[in-house]
Structure formats: structure tokens, C-alpha cells
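One structure is given below, encoded as C-alpha cells.
Quick note on labels: first sequence line is chain A, next is B, and so on, each numbered from 1.
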Amino acid sequence: MAFFVFRLLAWSVVGLLFWILGFILYNGIGVISWEFLSSMPEDGMTSGGIFPAIVGTLCLVAGSMAFAFPFGIMSGIYMNEYAGNGWIVKFLRIMTNNLSGIPSIVFGLFGMALFVNTLGFGDSIIAGSFTLGLLILPLIIRTTEESLRAIPDAYRIGSLALGASKIQTIRKIILPMAFPNIITGLILSIGRVSGETAPILFTVAAYFLPKLPHSVFDQVMALPYHLYVIATSGTDIEASRPIAYGTALVLIAIVLLINLLAAALRKYFGRKVKTN
Amino acid sequence: MIEGLLTLSGGLTSLVILLIIIFLFKEGAGLFQNPAVEKGYALYVHAENPVEALLPGQVKAVFDWETTNWKALGGMDEEIMPFRFDDVFSLYTEEELGVDYELLPQKLGEIIAEHQNIIAFLPEQYIPSDHIRIKKLPSENIRMADFFGGKEWMPTATPAPQFGVLPLLAGTLWVSLFAILIALPLGLGVAVYLSELAGERTRKILKPTIELLAGIPSVVYGFFGLTVLVPLVRKALDLPVGETAFTGSLILAIMALPTIVTLAEDAMRSTPKAMREASLALGATHWQTIYGVIIPYASSGITAAVVLGIGRAIGETMAALMVTGNAAVMPSSLFESVRTIPATIAAELGEAPSGGAHYQALFMLGCILFIATMVISVSAEIITKGRMNRGF
């Protein structure tokens, strides 16, 4: 009776997910071909492929990883292993929390003001990567910190008692143990980066640019922005609908695969730790 | 060495927040240093006109032919004659204005001097300083009250662009509050099912599946809303356009669901087993235990979930941009086009010349978003902390 309603609600939310996925899959699968994935857009984006957008998204993922991973992980280590439990770490934690709550469009504004205008990078891969990197920084810091906190102090004390220095302890004992959880967080943040649109609108994304970037100071197309453009403001919206479905499918496939990979890794490492 | 590096990166997030604040607020505050009329232009009236100054809204009303009598502005009882720079070319031929328009300042001066009821919007460089017959209205800066209390958002209107944030604020609040109204009962129901009713195996399948909803990029939600929900809403409710605040709420509700479900479920599952068992032992049914013990116990967690859900909905850009229709007017019903603050930034920043009033107004919108989300994350934190301090 009453419980039946709850069960229905829960499964209808799942239904919602499959409706969205199914809709995109059903309409997009016919468009996908090697040709579509590997050729340039043509005829005002009503035909041809999405190759430059895929390359652009890969560039942005790589760029933001190169910036956010080292800084995020190091911040996480600092906050859990060094900063103690004083007001500094409390302050940092609140700041990290707040940073993760800021809407992505605000990051876009900030990225435009700082990287594009003040530092003079222009609309470029480097400006977009920094902006996206800042966006995922709190996520990486938090997963690192939480993975480190989950490791019992006995390991730290044991290592120190054997004469290892603090840095050695972190490098040889703590980090390897926390590695599975950290890597899951990193993979999830890649999924986030590849789907974000608002931060790249004004920092890197090109409306239509049928060539590949040559340096980090070039503009690129990106999958999410490309989908937005051909869904709302292309030259011929009706004619480019199939391309839009195809782009949406590729984007969803990338993001979901990344998420599933993270889930699978978590499960795999989880089992491994238990048998040890 | 390495330790120094670690310390440095630890401070990075605070540094970033600080930089965001500096850049956002520096640009945003610049808005209030802008004259209310376009830069390089000024308003001129006849020297005998008793009106000394006009507010931006009044200027716009005059040039839109909404205010037509000087009396309404505190002047004499005479019809207003708005005059734009381009109008001069319909009065004089190019030859009459001379080579390189050298006679233009003089002609403009004469036009103003001849009409007592004129108000002219002209580039400053072409105006002769004729203090006897012409009066320049002082160019006042855009005021805070115009921005925060203004009911019109027309950033490209000439001569006086209108930066009233109220329609955008109203649009944002309507869309996100209604989204939460839809998502809350749904999300709460799912959370109750997951934490109290579902078996362990069902839960293990359902929870990650629902979390996948959070992984779908917002632009895909926007695309789905545009191609499926917009036509659906238009047909089902028989509306002229399907891009309404209601459509936006539906999409944002779906997007806020995973946040609400996950946080509310975590809160419910943290109810101590002893409390559940005590309730059941006293003869309460499973259902009574849920709404009499578990939901009250988890109420602060649920409130935090709602607050964070609202925060997510307020800041959501792409989906709102694609399905709400983007009409920057005060909404009067849910089934009209509205425009949210993030959507405004995304739609207009590309066209706003860097450093201009419009550009700075968009940064000011960014400041509003920033403060709103800061307040939201801090209050969510206080709500969750409050429960711990109550010592359950």
C-alpha cells in the first residue's frame, strides 16, 4: 500500500535515468560511425563529424589533470598529514567546501577575468584547463584527504618507529595504501571535466574551428559546447539534429564509461584489500 | 623542500577563493562607476528647462515614448521631444554638415537652442559648449538602488541601459524553488525506500544507478529538455511556447534528485538502531516508525539536502539556459519564459564588450551567485553541525 508508492517512486527515478539514456541512445546510435568520430564538421555543422570536438575535450581533460592532480593531491596530503587539527585546517576545509559549492559559471567568469584577460592567455587551451582544474580541485582535495584519513594511525606510528622519516612514511606506506581511493576520485573528476560547459564558454571553446590545435594557446572545440551550439544556435537546427544526437551520445558514453570505470576500480581494489 | 611544497598547495584553495572574490568584486563594483547613459555620450536640454537631472529609468522611459510630458519629470507642462544623434541626418544633408562634419556641432547646438522641449542624446565630442542656450544634464553614475531594485534588465538599451536585477532574481528563484518543490517529495520517497524498505541487494543496485544521474553532463540534460520536455510541456498544457519556468523546474528537479536522495538517505540511515527498535517495541508499526522517529531524527540532514539542492539549482547554467526561454521580464506565472542569473551570464558575456558597463553588470551577477552559494554552503554546514551539537 503506502510502501508500494515508495517502491514505485524509487523505480520511476531509475526509469527516468533510462528514459534519458534510452532517448539519446535510440536517436544517436544511427549517427555513430568511424566516419562521424574521425572527420571534420562540414556544411555549417549540418554534416560531417565531431573529430575536432573530441580532440578538444581530450586536450582540456589532459590540461586540467596536469594542473589539478598534483596540486589537489599535495593539498590533500598537507591537510591530513601536516596541518594538524588547528584553525588553519578548519579554515582550509571550509574554504574547500565552499569552493566546491560555487556554480561553474562563476568559475567561467573568474577564469575569463584572470587567465584570459589579466594574464593575457586569450581564449586558449591553457586558460580553459586552468579554469576546469580549479573547478575539480576541491573534489580531488577532499577525496585525497578522506582516503588518507581512512588509514589507521598504527601504520604511521609503526613506520616512524622503524626509523623512517615522515616523508618516507607518506611515500612508502600511506600513499600506496590510499592509492585506490585517490585514483577513484581522480577518475570521477575526469568525468566531471569532460562534461562541463559553462566554465569553457568564455575561456577556450570555439564555435566552429575545423582544425586541430597546434599549441596550448590555441582555441579548440569541445564536445559539451559543440552539443550546446548545434542544439540551440547552428545555421540549420533541424538539419543538424542527428549530429546533435550523435554528439550527445558520444559525450554521455565518455562520461558514463569513466564513471563505471571508477566504480569498477573501487570494487576491484576493495576486494583486494579485504583478502590481504 | 617537499614539505614546503605541500604547505604551499594547502594554501592554494584559500588563495583561489581570495582571487575569485577579488576579481569578481573588483569587476562587479566597477559597474557603479559607470555613468547611467552610454560612455562618451551625454544628454542635453534647452538651458531654460527646469529639469536638473534624470534617473536612468526616466531617461529610458522618455526615449521609449513612455513618458511624453515634461511635467511627469518635474518640468513644465510641455510635450517631450526626444532627439537622437541619428535624427540630425534626416534634418540636414551631408553637404550642409560640411567636410568631416565640421558644421555638425554648430547645427546640433542650434537644434537644441530652438526647441524648449527637446532632450537630445548626443556624443560629447560634437557639442559646442554653449552655456547660454544649452544645458548638459549631469551624468550620474549607476546607483546600487538601480541595480538591486530595478525591474528591467535591458543591458543594450540606448541611451540608458537598464541593469535591474529583479526579473533575473525572480526568474532564478521561481525556477529553483519550484524545482525543489518537485524534487523534494520524490527524492524523500526514494530515500525512505532505499534506507528503510529496500533489501540490501536492491539498494546496492539502485543507489549507484541513481548516482549515475548526477554524472550526466548538464548540457545533455539541457538537450533532453529542449528536445523532449519542451514540446511535451507545450502540448500537454496547450501553451504558445514550451520554454517556460515550469520546464526549467522539471529539468532542474531531475538534476537535483541525486543530491537530495543521497544526502537524505545518508541522514536516515544514521538513525541509531536502538531508536528504531525502541519504537517498534512500543508497538509502533513500521510506517509509524518511519514518519514518527526516523524522519524527525533525520530532519536536519534532510534540510541540509534541500538547501544544497537549492544551491545546485540556483547555480545551474546550461540546462536553465536551454529550456527556460530566456525572456528577461518579471515572471507573472510559472508557464512563462523566464531567465535565470547564470543563464544571463552565459548568454550575454560573449557579446558584452570587455570592461564596459554590461560586462561589469554580468560580473555583479556573478558576485550575487557567489554570495548566494557561499551562504547556502555555510548554512548547510551549520544545519548539519546543529544536529551533532544537540547530542543525539
Most contacts with chain B, counted as non-hydrogen pairs under 4.5 angstrom, among A/F18, A/Y225, A/Y82
A/Y82
Is any NZ, NE, NH1 or NH2 atom of the basic residue among B/R339 and B/E348 found under 4.0 Å from an Asp or Glu carboxylate oxygen of the other?
yes
Counting only non-hydrogen atoms closer than 4.5 Å, does B/L257 touch chain A with its backbone (N, CA, C, O), its side chain (CB onward), both, or neither?
side chain
Atom group of B/P258 that falls short of 4.5 Å from chain A, counting heavy atoms
neither
N-O pairing of B/R203 and B/E265 below 4.0 Å:
yes
Considering only heavy atoms and a distance below 4.5 Å, find which of B/I216, B/L206, B/L186, B/L24 pairs most often with chain A.
B/L206
At a heavy-atom separation under 4.5 Å, does B/L349 approach chain A through its side chain, its backbone, both, or neither?
both
Is A/A198 close to chain B through its backbone or its side chain, or both, or neither, when contacts mean heavy atoms under 4.5 Å?
both
Interchain contact, B/L321 with chain A, by part (heavy-atom threshold 4.5 Å):
side chain
Bottom line for B/L362: the part with an atom under 4.5 Å from chain A's heavy atoms is backbone
Under 4.5 Å from a heavy atom of chain A, the part of B/I210 involved:
side chain
Under 4.5 Å heavy-atom distance to chain A, tell me which part of B/V220 shows up: side chain, backbone, both or neither.
both
Sort out for me which of A/L17, A/V13, A/L9 touches chain B most, counting heavy-atom pairs under 4.5 Å.
A/L17
If you apply the rule side chain to side chain donor-acceptor pair (under 3.5 Å), what do you find for B/S377 with A/N97, and how did you get there?
CA-CA 7 Å; B/S377 42; A/N97 231 346; over 6 Å; no
Checking B/T317 against chain A: side chain, backbone, both or neither under 4.5 Å from a heavy atom?
side chain
Residue B/F363 versus chain A: region with a heavy atom under 4.5 Å:
both
